[in-house]
Amino acid sequence: ALEQSLASSGRYQVHVAHDADGAVYLLGHTLIDLVIADVDAGLEQAFGLLRRLRREPRWRTLPVFSWGPAATRPGAFPRSNRAWTMSSPN
């Protein structure tokens, strides 16, 4: 739903990665302005992605937004493997 909302607005180009490795691949091959991490995949995976991004100098200041019920409810981690990345269409 979030992916479709952002893409249909016409203001964003949305790229979807199904795991942290996919997100890192997209970041290496696409100009990305913001990462939205679906923490429903589990906080450990989301924090692992964040650690990888912060270790890499070119992504150290890239904004990362946590998305999903698990972002606000500790212990509620349904299984999902998605991490969204967005860039402006320009």
Side-chain angles (χ1 to χ4, degrees):
L2 175 62
E3 175 188 355
Q4 285 120 358
S5 280
L6 292 169
S8 68
S9 75
R11 297 180 62 200
Y12 305 102
Q13 183 177 18
V14 179
H15 307 275
V16 178
H18 296 282
D19 57 25
D21 289 335
V24 170
Y25 176 85
L26 280 173
L27 286 163
H29 294 86
T30 310
L31 180 60
I32 301 294
D33 299 315
L34 170 70
V35 172
I36 300 175
D38 181 355
V39 296
D40 287 350
L43 286 178
E44 187 174 317
Q45 182 175 353
F47 283 130
L49 174 60
L50 182 58
R51 279 192 297 273
R52 289 172 76 177
L53 298 180
R54 295 308 177 240
R55 278 195 305 252
E56 180 68 38
R58 63 186 164 158
W59 300 324
R60 201 164 280 152
T61 61
L62 182 67
V64 177
F65 178 79
S66 299
W67 175 261
T72 57
R73 290 183 300 152
F77 306 124
R79 296 183 195 272
S80 170
N81 290 317
R82 294 182 293 178
W84 285 282
T85 60
M86 288 187 340
S87 61
S88 15
N90 300 337

Problem - Nearest-0.5 Å distance that lies between atom CG in Asp19 and atom CG in Asp38 - result: 12.0 Å

Problem - Between CG on residue Asp33 and CG on residue Leu31, distance to nearest 0.5 Å - result: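 Separation between the atoms: 5.5 Å.
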
Heavy-atom closest contact ([X] atom, [Y] atom, distance):
X     : Y     : value
Arg55 : Arg60 : O-NH2, 3.1 Å
Val14 : Glu3  : CG1-CG, 3.9 Å
Ala17 : Ala23 : CB-N, 3.1 Å
Arg52 : Asp21 : NH1-OD1, 2.7 Å
Leu6  : Tyr12 : O-CD1, 3.8 Å

Exercise for the section: Output yes when a side-chain donor or acceptor of Ser9 lies under 3.5 Å from a complementary backbone atom of Arg11, and no otherwise. Expected result: yes

Problem - Passing candidate, side-chain contact (heavy atoms from CB on, under 4.5 Å) with Val35, options Leu50, Leu26, Leu49 - result: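 That would be Leu49.
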
Exercise for the section: State, with a plain yes or no, whether a side-chain heavy atom of Val24 is found less than 4.5 Å away from one of Trp59. Expected result: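 Answer yes - side chains close enough.
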
Exercise for the section: Answer whether the closest heavy-atom distance between the side chains of Arg58 and Leu27 falls below 4.5 Å. Expected result: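 A side-chain contact is absent here, since even the closest heavy-atom pair is not under 4.5 Å.
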
Handout entry: Co-membership, hydrophobic cluster, residues Tyr25 and Leu62, 4.5 Å side-chain
Key =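 In one cluster with Tyr25: Leu62, no.
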
